[in-house]
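Chain identifiers are assigned alphabetically (A, B, ...) following the order of the sequence lines, protein sequences preceding nucleic acid strands; residue numbering begins at 1 within each chain.
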Number of protein chains: 2
Amino acid sequence: MDDLTEMLKGVLEGCVLQILHHRESYGYEIVKALNQAGFESVADGTVYPILIRLEKKHLVDVARVRSEMGPPRKVYTLNNAGVHALTGFWERWEFVASRLESIKNDKHNKEDRDG
Amino acid sequence: MDDLTEMLKGVLEGCVLQILHHRESYGYEIVKALNQAGFESVADGTVYPILIRLEKKHLVDVARVRSEMGPPRKVYTLNNAGVHALTGFWERWEFVASRLESIKNDKHNKEDRDG
DNA sequence: AGCGGTACATGGCAACACCTGGTACCGAAA
DNA sequence: TTTCGGTACCAGGTGTTGCCATGTACCGCT
């Protein structure tokens, strides 16, 4: 698949929100979840800034958790504001997606302006 | 509707491509077409740079056409490369949209990793 | 001459995904 | 002990993009 960079703008953050709504998680695992979900090109250098952003916006709660398999993890949990933001994200997504679909189907009458 | 800015990144250009595939057009008219298609917040300052970009990428042909209703128009026509780009755009869109839908439905089994 | 609608262009801004490189913890192998 | 690889996180800089404000210019009407 070609470069999805621009089309992922504003979308990846929503994906992370949704993943965290599914269950609490941490950066490294989220990257793999995204890759597994079909976004194979998404690297860790993309996800960590998103998590920092979510934290700054107070959409997630954070906890340091010791791990058996390496350094401690930063486990993120979606809070109420996060759930609210997730709802808004899906509303925006459906808004854009529906307009895109109607533009794609392109049945919008050109007679409107001509006659 | 909230701010769609980020979600429109990489999408508006495709919309313009599709509008031009529908029929040749010019900036001022394209802005109104987008507004009419539901993207009411899109201003002319957004569309003209897109058209310049399309021209630089050689996806459109341009012709100056005198108008009865004001200054001359720059009428853009989608060429073969443009049609090709449009196809690629819709492929990327459907790719992203399908992944988004499956993330949204969220039925992806969490048992996969646990055991 | 002045006004408003049509039509295009530019310059600066903010947000985002991406890339590179770096830090650090840990267990196993050398 | 040192080295290696896997886990886990972070920071800095880059390029693309949409947005806003502003400016220019053509034209018909008053």
At under 4.0 Å between heavy atoms, what does [X] touch on the DNA or RNA strands: base, sugar-phosphate, or nothing?
X: B:I50; value: sugar-phosphate
X: B:T46; value: base
X: B:K74; value: sugar-phosphate

Legend entry - 5' precedence on DNA chain C between B:R73 and B:I52 (nearest-nucleotide basis): B:R73
Inset, instruction - Go through DNA chain D in 5' to 3' direction and return only the first and the last nucleotide with some atom under 4.0 Å of chain A's heavy atoms. - result: D:dT7 to D:dT17
Legend entry - Under 4.0 Å protein heavy-atom contacts per nucleotide of nucleotides 21-30 of chain C, with B for base, S for backbone only and - for none: ---BBS----
Legend entry - salt bridge (charged side-chain N to carboxylate O under 4.0 Å, His left out) involving B:E40 - partner list, sequence neighbours excluded: none
Inset, instruction - For A:D2 and C:dC18, give me the distance from atom CG to atom P, rounded to whole Å. - result: 14 Å
Taking the basic N atoms (NZ, or NE/NH1/NH2) and the acidic carboxylate oxygens, is any pair closer than 4.0 Å for [X] and [Y]?
X: A:E94; Y: A:R99; value: no
X: B:E29; Y: B:R73; value: no
X: B:E6; Y: A:R92; value: no

Legend entry - Heavy-atom donor-acceptor pair, B:N79 side chain to B:H58 backbone, under 3.5 Å: yes
